[in-house]
Amino acid sequence: MPELPETETIARVLDRHVAGARVLGVEVARPGVLREADAAAFASGVSGATIARVWRRAKLVVLELDGGAKVIVQPRFTGALLLEGAGVAFPEAERRFVRLTLRLDGGRALHYRDIRALGTVALMSAARFAEYAAALGPEPLAADFTAAVLAGRLAGSRQAVKKVLMDQRRLAGVGNIYANEALWQARVAPQRPAASLTRAEHRRLRDALVDRMARSVALGGTTFENFLGPTGETGRFVHELRVYGRAGQPCATPGCGRPLAEDRTVDGRATVFCARCQK
DNA sequence: AGGGGAACCCGTACGC
DNA sequence: TGCGTACGGGTTCCCC
């Protein structure tokens with residue numbers, strides 16, 4: 001489930017491998033994954049272009065083409081960008097889930113693999129992407145993401161703080177895994193109204209978000225089920241998960257050990273927390 | 001504007 | 001063993 005750290009991992013690895021590569025052709029096996037362009041418009045807009053660089057915004061992989069147009073990949077749950085050729089072996093079991101392929105120079109290919117095919121690939125002009133990105137919230141790993149910025153994003157909402165953290169218009173890149181992990185580390189109950197947090201809690205939550213996501217980026221993200229980096233790497237942050245996927249196991253706070261609770265009262269999503277440590 | 005719900009998709013788990 | 005069904009999960013869009 002690529003959230004900010006997994007998407008950042010994808011973008012970094014891809015940038016290292018395909019910045020400067022020329023797209024020789026495009027194969028669209030599943031037109032349904034495309035957004036903002038049909039298969040013909042996508043192929044004609046991308047074929048012949050050079051990939052200038054690859055970067056991340058929110059949970060989006062941005063393949064920036066020379067000329068300014070951008071291929072925007074939103075992997076959702078089971079999407080991945082997998083390289084093949086020039087010494088990179090493609091995992092053959094994934095072949096049947098390839099939905100779109102960019103043929104690159106040097107005999108290489110960049111495949112969009114998506115098992116459930118709920119992820120999307122869009123072709124946007126520079127202006128269209130600027131408009132789209134402007135609606136997204138601030139980047140939590142940016143140097144100017146302070147406790148005061150977080151407080152501003154949470155202000156005025158009676159919604160559960162966890163739901164607001166995951167709202168991409170409020171804050172970019174946070175999904176279910178890192179919302180659960182950061183709230184536990186900050187000792188804030190996920191069900192609390194967003195506007196009810198104190199200044200001390202804003203500081204703790206800001207620090208926890210930055211700490212957990214930066215640590216995960218350093219470890220190549222979290223592989224829970226289907227996440228793979230572009231050359232098949234799995235994310236090692238999975239070993240640092242303290243609440244996500246651990247309902248019923250003891251809370252890791254020293255001296256606590258209370259079984260972690262799970263409910264779906266926040267936006268119908270699996271929420272795991274310690275009813276003793278998180279207030 | 002804010003909030004609620006449906007649609008998108010298919011592997012996996014589970015019941016019979 | 002095989003078939004049918006429920007489920008999950010982020011984002012978008014539609015409606016109230």
Side-chain angles (χ1 to χ4, degrees), chain A residues 1-8 10 28-39 56-62 71-81 91-100 112-124 128-129 131-137 139-140 152-182 190-196 213 216 221-228 235 238 241 243-247 262-272:
Chain A
M1 287 147 259
E3 302 180 25
L4 185 157
E6 294 74 34
T7 313
E8 180 72 26
I10 295 168
V28 182
R30 178 69 71 96
V33 304
L34 289 174
R35 294 292 185 277
E36 312 217 1
D38 62 20
R56 177 196 64 76
R57 170 77 167 109
K59 303 177 194 171
L60 309 169
V61 180
V62 180
V71 174
I72 307 300
V73 178
Q74 186 168 270
R76 299 262 175 104
F77 314 107
T78 54
L81 286 161
E92 287 303 325
E94 307 291 332
R95 186 83 63 187
R96 68 188 177 111
F97 303 117
V98 169
R99 313 303 187 185
L100 183 150
Y112 178 64
R113 150 318 218 145
D114 194 339
I115 298 164
R116 293 187 191 167
L118 267 175
T120 60
V121 179
L123 177 61
M124 298 188 194
R128 169 65 185 129
F129 179 72
E131 171 195 51
Y132 181 86
L136 297 167
E139 286 291 332
R153 306 309 290 183
L154 299 180
S157 176
R158 281 165 306 219
Q159 298 249 64
V161 60
K162 175 167 178 262
K163 180 173 163 71
V164 176
L165 288 181
M166 293 169 61
D167 181 342
Q168 300 301 295
R169 295 165 301 182
R170 297 270 190 167
L171 192 60
V174 180
N176 202 30
I177 294 175
Y178 298 96
N180 276 306
E181 295 297 318
Q191 303 82 359
R192 287 268 301 282
S196 76
M213 292 201 288
S216 185
T222 300
T223 294
F224 202 77
E225 287 173 0
N226 300 298
F227 173 70
L228 283 180
V238 66
L241 296 176
V243 288
Y244 183 83
R246 299 175 64 89
E262 174 168 350
D263 70 31
R264 295 184 179 273
T265 59
V266 178
D267 204 28
R269 307 292 310 284
T271 300
V272 187

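Side chains are part of it too, since the values below use all heavy atoms of this structure and drop only hydrogens, waters and symmetry mates. Letters A, B, ... mirror the listed sequences (proteins, then strands); counts begin at 1.
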Protein-nucleotide distance ([X], atom [atom1]; [N], atom [atom2]), rounded to Å:
X        : N      : atom1 : atom2 : value
A:Asn176 : C:dT11 : CG    : P     : 11 Å
A:Asp167 : B:dG2  : CG    : C1'   : 11 Å
A:Asp267 : B:dG3  : CG    : P     : 11 Å
A:Glu262 : C:dC7  : CD    : C1'   : 13 Å
A:Leu34  : C:dT11 : CG    : C1'   : 17 Å
A:Tyr178 : C:dG9  : OH    : P     : 15 Å

Return no unless some side-chain N or O of [X] is found under 4.0 Å from OP1 or OP2 of [N].
X        : N      : result
A:Gln74  : C:dT11 : no
A:Lys163 : B:dG3  : no
A:Tyr132 : C:dT11 : no
A:Gln159 : B:dG3  : yes

Seminar exercise, completed: A:Leu123 and A:Ala37 have their tightest heavy-atom pair at CB-CB, 4.2 Å
Exercise. Which heavy-atom pair separates A:Ala270 from A:Arg264 by the least distance, and what is that distance?
Worked result: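 Heavy atoms only, the tightest pair is N-NH1, 3.4 Å.
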For this session: Determine the contact category for A:Arg264: base if any of its heavy atoms lies under 4.0 Å from a base atom, sugar-phosphate if only primed atoms, P, OP1 or OP2 are that close, otherwise nothing.
Result: sugar-phosphate
Exercise. Strictly by modelled atom types, are A:Glu36 and A:Tyr132 linked by a side-chain donor-acceptor pair under 3.5 Å?
Worked result: no
Exercise. Among side-chain atoms of A:Tyr178 and A:Asn180, is any donor-acceptor pair under 3.5 angstrom?
Worked result: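 Their side chains do not contain a donor-acceptor pair, so the 3.5 Å distance test is not met.
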Problem set entry | Partner residues of A:Asp267 under the salt bridge (Lys or Arg N to Asp or Glu O under 4.0 Å) criterion, sequence neighbours left out |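 Residues passing salt bridge (Lys or Arg N to Asp or Glu O under 4.0 Å) with A:Asp267: A:Lys163.
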What pairs of nitrogen or oxygen atoms, one from the protein and one from nucleotides 8-12 of chain B, lie under 3.5 Å apart?
unit_1: B:dC9; atom_1: O3'; unit_2: A:Arg30; atom_2: NH1; d: 3.4
unit_1: B:dC10; atom_1: OP1; unit_2: A:Arg30; atom_2: NH1; d: 2.5
unit_1: B:dC10; atom_1: OP1; unit_2: A:Arg30; atom_2: NH2; d: 2.6

Exercise. Is there a donor-acceptor pair under 3.5 Å between the side chain of A:Ser196 and the backbone N or O of A:Pro193?
Worked result: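 Checking the backbone N and O of A:Pro193 against the side chain of A:Ser196, a donor-acceptor pair under 3.5 Å is found.
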Exercise. Which dot-bracket string fits DNA chain C when only Watson-Crick or G-U wobble pairs with both atom distances under 3.5 Å count, crossing pairs get [ ], and | stands for a partner on a different strand?
Worked result: .|||||||||||||||
Problem set entry | Atom CZ of A:Arg169 with >12 non-hydrogen neighbours under 6.0 angstrom | no
Exercise. With a 4.5 Å limit on heavy-atom distance, are the side chains of A:Arg57 and A:Lys59 in contact?
Worked result: no
For this session: For residues A:Phe97 and A:Arg99, determine if any side-chain heavy atom of one lies less than 4.5 Å from a side-chain heavy atom of the other.
Result: yes
